[in-house]
Amino acid sequence: MSEYNPMAVAQSQFNMAAEILDLDEAMREFLRWPMREFSMRLPVRMDDGSVEVFQGFRVQFNDARGPTKGGIRFHPTETLDTIRALGMWMTWKCAVMDLPLGGAKGGVICNPKAMSARELEALCRAYIREVASIIGPGRDVPAPDVYTTPQMMAWMMDEYAKISGWSHLGVITGKPLSVGGSQGRGDATARGGWYTVREAARELSIDLSEATVAVQGYGNAGSYAATLGRQLFGCKVVAVSDTGGAIINEDGLDPQAVLRHKTETGSVAGFPEAEAIANGELLELDVDVLWPAALENAIDKDNAERIRAKIVAEAANGPTSLEADEILYRNGIHVIPDLLCNAGGVTVSYFEMVQNACLEQWSAECVYERLDAKMTRAYHSVLQLAKREDIDMRTAACMVAIQRVAQAVRVRGWI
Ligand code: GLU
């Protein structure tokens with residue numbers, strides 16, 4: 001594959017799992033593609049008075065198990081194929097967690113770092129105006145993803161309420177607490193990921209209180225992965241990175257001090273109590289746990305042989321290419337696949353939907369406990385299958401998920 005295409009990767013992963021599951025051809029043909037996709041032009045008045053027209057997407061991949069669920073990304077290099085792949089992964093993610101939800105994903109081609117808060121609000125509202133007729137608490141429920149925030153979710157929820165005339169809190173998740181957000185949603189992706197790492201470490205006899213950690217990407221998932229690693233398990237976070245650069249301190253970084261530095265300067269680079277390393281080097285460090293927490297395709301055929309971490313915890317969606325997957329598996333590296341590792345985000349989103357539907361407010365402890373139970377159960381169901389079939393964790397996770405989705409498709413009488 002010369003040009004990396006996440007949809008081709010997602011479909012190949014699907015094909016592998018479908019083959020082992022011996023799915024019939026019609027089912028494969030149905031599950032290999034989104035059920036529905038939408039594409040829209042979004043004119044937005046910019047601060048200088050000009051109008052910029054943005055391209056947006058929403059892909060509802062599969063709703064056999066329930067309303068579709070998945071985030072909205074704002075990124076300059078967004079493509080429809082990426083959103084399709086992410087929609088497919090959301091479908092498997094919700095199914096592997098056994099949530100009564102299907103999968104979707106949305107995106108807008110834009111550079112949010114170069115936009116003002118007012119421009120971003122206008123773009124969020126324009127997006128919702130276009131998708132208002134196809135989303136809803138029982139239909140399709142968006143959430144934050146790369147470069148979208150709880151504030152943006154609040155604007156989107158508000159726009160939907162204005163259009164529909166009803167205060168449907170559950171139309172969007174990942175909202176601020178003051179407008180129906182859930183306790184524990186902010187760090188849910190990283191926290192859920194750490195619960196799976198805890199189980200993996202037990203399996204591999206790694207003592208997390210002495211473990212070293214490297215984190216690639218310092219957004220929501222990455223910064224919380226670093227902070228919680230230290231807070232929950234006493235891990236030593238030795239290196240972190242973002243698009244501005246990578247830093248290392250063998251004695252351990254203070255993740256919250258690094259975050260403050262990033263908030264002030266825009267990057268983790270230049271943090272005083274650390275040395276600079278190349279971004280690529282971070283991935284190849286000899287650490288116990290490596291968190292790819294940025295974008296797709298961070299670990300590919302060119303660097304996979306040099307990955308030395310014992311556990312790769314995929315906080316990002318699709319960070320490992322197909323070729324890299326094979327290499328990591330051959331080299332005995334325990335990969336906790338994205339579908340499972342980062343499913344804490346959508347799981348607490350699901351808790352948020354439940355709370356919104358019942359007008360309930362759960363405590364943080366209640367959310368953590370339920371999240372832990374769900375992550376631990378899902379991790380072990382995947383691990384068990386991987387061991388039984390002698391396959392990698394990703395293929396096993398896909399198999400658990402695809403089997404559940406195919407079952408729902410059959411029971412509904414679609415195929
Ligand atoms: N964007 C997150 C993901 O990729 C969360 C989705 C959600 O909460 O619906 O899993």
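We number each residue from 1, following the sequence as shown. In each ligand, atom 1 is the first atom listed, and ligand 1 is the first ligand listed. Just so you know, these numbers come straight off a predicted model, no measurement behind them.
With sequence neighbours left out, the salt bridge (charged side-chain N to carboxylate O under 4.0 Å, His left out) criterion links E360 to no other residue.
With hydrogens and angles disregarded, a donor-acceptor distance shorter than 3.5 Å links the side chain of E119 to the backbone of S116.
Relative to the six-membered ring of Y224, R191 misses at least one condition, a distance below 6.0 Å or an angle of at most 45° to the axis.
Salt bridge K162/D158: present, at least one basic N to carboxylate O contact under 4.0 Å.
In this structure, W92 and F61 have perpendicular ring planes: the angle between them is above 60°, well past the 30° mark.
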Evaluate the salt bridge (charged side-chain N to carboxylate O under 4.0 Å, His left out) criterion for residues E37 and R84: first the C-alpha distance (whole Å), next the side-chain angles of each, then the deciding distance (0.1 Å), finally the verdict. CA-CA 8 Å; E37 38 189 58; R84 286 173 169 151; 2.6 Å; yes
Under a 3.5 Å threshold, I'd like every N/O contact between ligand 1 and protein atoms, with atom names and distance.
from, atom 1, to, atom 2, distance (Å)
ligand 1, 1 (N), P144, O, 2.9
ligand 1, 1 (N), D145, OD2, 2.7
ligand 1, 4 (O), K93, NZ, 3.1
ligand 1, 4 (O), K105, NZ, 2.9
ligand 1, 4 (O), D145, OD2, 3.3
ligand 1, 4 (O), N317, ND2, 3.1
ligand 1, 8 (O), R185, NH2, 3.0
ligand 1, 8 (O), S349, OG, 2.5
ligand 1, 9 (O), K69, NZ, 2.7
ligand 1, 10 (O), K93, NZ, 2.6

